[in-house]
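First the structure, in the form of structure tokens, and then the observations on it.
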There are 2 protein chains.
Amino acid sequence: MAEIDDSPPRRPTIYDLAQIAGTSPSAVSAVLNGSWKKRRISTRLAERISRIAEEQGYAVNLQASMLRRERSRIIGMIIPKYDNRYFGAIAEGFEAMARERGLFPVITCTQRDPALEVEAAREMMSYQAECLIATGATDPDRIANICTSAGVRSINLDLPGTTAPSVVSDNFQAARDLTRFILERIKQDFGVLAPLYFIGGRAQDHNTRERLRGFICAHEDMGLTVPSAYCFMHGYSASKTEAALAETGIDERCGMFINSTIALEGFVRWFHSLAAPPEFRFGCFDWDPFARFLPQNIGMMRQDVDTMLAKVFEFVEHAPSGTVNIKIPCIFEAANG
Amino acid sequence: MAEIDDSPPRRPTIYDLAQIAGTSPSAVSAVLNGSWKKRRISTRLAERISRIAEEQGYAVNLQASMLRRERSRIIGMIIPKYDNRYFGAIAEGFEAMARERGLFPVITCTQRDPALEVEAAREMMSYQAECLIATGATDPDRIANICTSAGVRSINLDLPGTTAPSVVSDNFQAARDLTRFILERIKQDFGVLAPLYFIGGRAQDHNTRERLRGFICAHEDMGLTVPSAYCFMHGYSASKTEAALAETGIDERCGMFINSTIALEGFVRWFHSLAAPPEFRFGCFDWDPFARFLPQNIGMMRQDVDTMLAKVFEFVEHAPSGTVNIKIPCIFEAANG
DNA sequence: CATGTATGCTCAATCGATGAAGCAAAATTG
DNA sequence: CAATTTTGCTTCATCGATTGAGCATACATG
């Protein structure tokens with residue numbers, strides 16, 4: 001069948017609209033970007049142009065517009081994963097808050113891969129992002145340097161850096177509180193006061209270190225010492241956590257501090273693979289709506305995403321002077337497990 | 001303190017690099033975008049320019065580059081939420097597969113808000129996206145029209161439309177299988193063959209309708225009729241599902257088909273709010289690593305995200321002729337609950 | 001009626017990268 | 001050695017929107 005070449009009704013430009021309206025491209029531009037009042041275009045012409053733009057299905061070419069303008073209004077974010085509620089909430093909240101402020105959010109997920117993080121940061125620079133939020137970056141200062149040398153501001157979220165302002169959870173305090181809660185609970189339920197296991201995270205990771213510090217501190221508060229063999233830090237991986245637990249004999253009737261929901265996935269997989277699942281009590285740093293109801297779960301430490309993002313956007317609007325590292329308290333939620 | 005104005009080491013352009021290298025902007029451009037072999041630039045000059053670009057921290061201005069080029073290589077996706085594993089996996093997989101193919105993925109989350117969906121689609125057009133994937137759109141044809149009138153291809157994912165090619169789960173078959181599995185299980189565990197409750201989703205929603213059809217069909221297969229009062233479809237909202245369940249008296253020892261993880265959130269909240277939680281068996285359409293281990297959960301129907309995305313990218317590369325609607329089988333995973 | 005000012009537009013340069021066309025010098029060929 | 005080809009670059013128009021400057025015309029003022 002012979003096709004008629006109606007194929008490329010190419011996206012209309014302001015030149016096309018100007019032609020149709022019998023006016024100049026600059027009038028069209030002014031009308032469509034809202035500067036027409038200031039540029040003394042008559043209401044009559046403005047309405048006509050708007051109507052024609054509508055009819056023609058005109059959409060501004062942001063590439064051209066941003067090239068000419070000084071500001072792109074793009075705000076970038078890199079984030080490790082979308083596989084848990086914490087990062088999911090950060091991504092959703094970030095988009096919503098950016099839009100509220102008339103900014104264009106662009107998020108890229110970097111799989112905790114340092115090379116991808118760097119690549120993504122460079123990509124954001126190329127998009128002329130005005131500001132980049134580095135969430136949970138493996139090397140925040142590296143990202144901050146990339147931004148600085150492009151004249152772009154950056155803010156660290158979740159994991160702090162030393163070059164750019166940072167907004168993180170108060171990991172130490174929250175871990176200390178959660179640990180105390182678990183210790184008290186095993187004493188109450190099992191009648192023993194014994195050290196907990198610490199499961200998940202990376203030993204080099206700032207947040208893990210802070211939480212481990214709070215964990216150990218809460219033990220000391222109660223006169224306990226944590227044997228180093230009680231700490232399982234095999235990265236943010238369910239499978240590695242599961243494998244590590246499977247290799248070790250863990251006593252019945254003890255307590256565990258699970259350092260992330262991803263580690264919790266490994267933990268529950270291991271737990272349910274056991275022929276005779278033992279009695280435990282665990283608490284988890286980070287929140288999940290289903291994990292809440294898992295048997296033996298006694299509480300989750302939920303990070304306060306809304307407050308963290310509010311702080312981030314404060315910094316977006318007024319860059320703080322000097323190196324700041326804001327710590328946001330977490331919200332403890334007793335579980336029903 | 002008097003600040004020295006070293007402030008704007010403005011982002012260097014190819015003109016700046018050309019100046020430094022004592023060459024022309026087009027040579028710089030050719031070297032930096034890889035077309036220099038073809039444009040007969042000497043290796044010597046190419047190396048010098050590359051070094052200078054490196055030193056100066058040059059990053060191409062994609063706005064300018066894309067304006068000039070014919071192709072943007074941007075591929076857009078709109079997605080409702082990031083609050084469950086299904087959409088999370090889609091987002092992560094989409095980004096990875098797009099990058100593998102040398103495309104720039106841009107994802108926007110639209111909160112199941114039809115107005116936001118339209119706004120986001122228009123924004124993608126303005127970014128000169130070459131293709132838009134509409135995931136779980138409330139009105140896929142609306143989005144497809146916006147794309148078509150901008151000369152952009154679109155593909156529906158998760159929810160089908162009539163104008164653009166669609167890739168969805170085989171909701172009917174998977175719902176039928178899941179329903180049969182639950183029915184058999186309650187017969188085995190409770191010794192009764194009784195209709196199940198259907199919980200979650202929207203009655204107007206295509207996927208819900210298909211699943212309901214499979215649900216009813218599986219009942220008929222076993223000689224059962226589903227009372228209409230057994231269906232609770234209060235949207236994709238945990239709170240509304242919870243509230244609806246709280247208002248109704250549901251018998252002990254029965255089975256339920258939960259139509260999404262978000263409905264499951266409402267269900268478990270309701271369940272755990274009861275003074276004396278009754279004996280149930282439930283299965284859930286969609287998968288979650290923790291929900292898997294919830295007591296009384298007997299199985300989850302996991303959507304095959306990798307296969308769905310593979311199909312989507314097939315369509316991205318070779319647009320299918322005519323209206324196609326590909327149905328991808330789901331993967332049943334028996335639960336340990 | 002000359003002068004001033006407000007109105008309603010248009011012109012043209014510009015943002016940074018790209019690539020077709022062109023040009024000079026070097027290398028090859030007959 | 002003249003003619004041709006190859007090499008290695010540069011020039012310049014272009015993508016679409018923006019915006020400072022400018023230019024008629026209409027209107028108001030002294």
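Convention: sequence-line order gives letters A, B, ...; per-chain numbering from 1. Only heavy atoms go into these numbers, but all of them, side chains included; no hydrogens, no water, no symmetry mates. For clarity, every value in this text was computed on a predicted model and none was experimentally measured.
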For [X] and [N], what is the distance between atoms [atom1] and [atom2] respectively, to the nearest whole Å?
| X | N | atom1 | atom2 | value |
| --- | --- | --- | --- | --- |
| A:Arg69 | D:dG20 | CZ | C1' | 15 Å |
| A:Gln128 | C:dA17 | CD | C1' | 12 Å |
| A:Met66 | C:dA17 | CE | C1' | 17 Å |
| A:Lys38 | C:dT7 | NZ | P | 16 Å |
| A:Glu70 | C:dG16 | CD | P | 12 Å |
| B:Leu67 | D:dA13 | CG | P | 17 Å |
| B:Trp36 | D:dT7 | CH2 | P | 14 Å |
| B:Arg44 | D:dT7 | CZ | P | 17 Å |

B:Arg73 with B:Glu130: basic N within carboxylate O range, under 4.0 Å:
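No, this pair does not count.
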
Report yes if at least one side-chain N or O of A:Tyr58 is closer than 4.0 Å to OP1 or OP2 of D:dA17; otherwise report no.
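So the side chain of A:Tyr58 is within the cut-off, an N or O lying under 4.0 Å from OP1 or OP2 of D:dA17.
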
Between B:Asn33 and C:dA17, does any side-chain N or O lie under 4.0 Å from OP1 or OP2?
no

What's touching nucleotides 8-10 of chain C from the protein side, N or O pairs under 3.5 Å?
| residue | atom | partner | partner atom | Å |
| --- | --- | --- | --- | --- |
| C:dG8 | N7 | A:Arg40 | NE | 3.0 |
| C:dG8 | N7 | A:Arg40 | NH2 | 3.2 |
| C:dG8 | O6 | A:Arg40 | NH2 | 2.7 |
| C:dC9 | OP2 | A:Ser42 | N | 2.5 |
| C:dC9 | OP2 | A:Ser42 | OG | 2.4 |
| C:dT10 | OP1 | A:Thr23 | OG1 | 3.1 |
| C:dT10 | OP1 | A:Ser24 | N | 3.2 |
| C:dT10 | OP2 | A:Thr23 | OG1 | 2.9 |
| C:dT10 | OP2 | A:Ser24 | N | 3.1 |
| C:dT10 | OP2 | A:Ser24 | OG | 2.5 |
| C:dT10 | O4 | A:Arg39 | NH2 | 3.2 |

With A:Arg39 via salt bridge (Lys or Arg N to Asp or Glu O under 4.0 Å) - residues at least two apart
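If we apply the salt bridge (Lys or Arg N to Asp or Glu O under 4.0 Å) test to A:Arg39, skipping adjacent residues, there are no hits.
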
Lys NZ or Arg CZ of B:Arg112 over B:Tyr236 ring: under 6.0 Å, within 45°
yes

Donor + acceptor pair across side chains of [X], [Y] (<3.5 Å):
| X | Y | value |
| --- | --- | --- |
| A:Glu117 | A:Thr138 | yes |
| B:Glu92 | A:Tyr82 | no |
| A:Asp16 | A:Tyr58 | no |
| B:Thr163 | B:Asp141 | yes |

Might you point out which heavy atoms bring A:Ser166 and A:Pro160 nearest each other, and give the distance in Å?
OG-CA, 3.4 Å

Nucleotide of D:dG16, D:dT18, C:dG16 approaching A:Thr13 most closely (side-chain heavy atoms)
D:dG16

Is the ring centre of B:Phe313 less than 6.0 Å from the ring centre of B:Phe94?
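B:Phe313 vs B:Phe94: aromatic centres under 6.0 Å.
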
Bend angle of the helix from C:dC1-D:dG30 to C:dG30-D:dC1, end axes from five pairs each (to 10°):
50°

Within the modelled atom types, does a donor on one side and an acceptor on the other bring the side chain of B:Arg68 and the base of D:dT14 under 3.5 Å apart?
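Yes, a donor-acceptor pair under 3.5 Å.
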
NA contact type, A:Ser29, heavy-atom cut-off 4.0 Å: base, sugar-phosphate, or nothing?
base

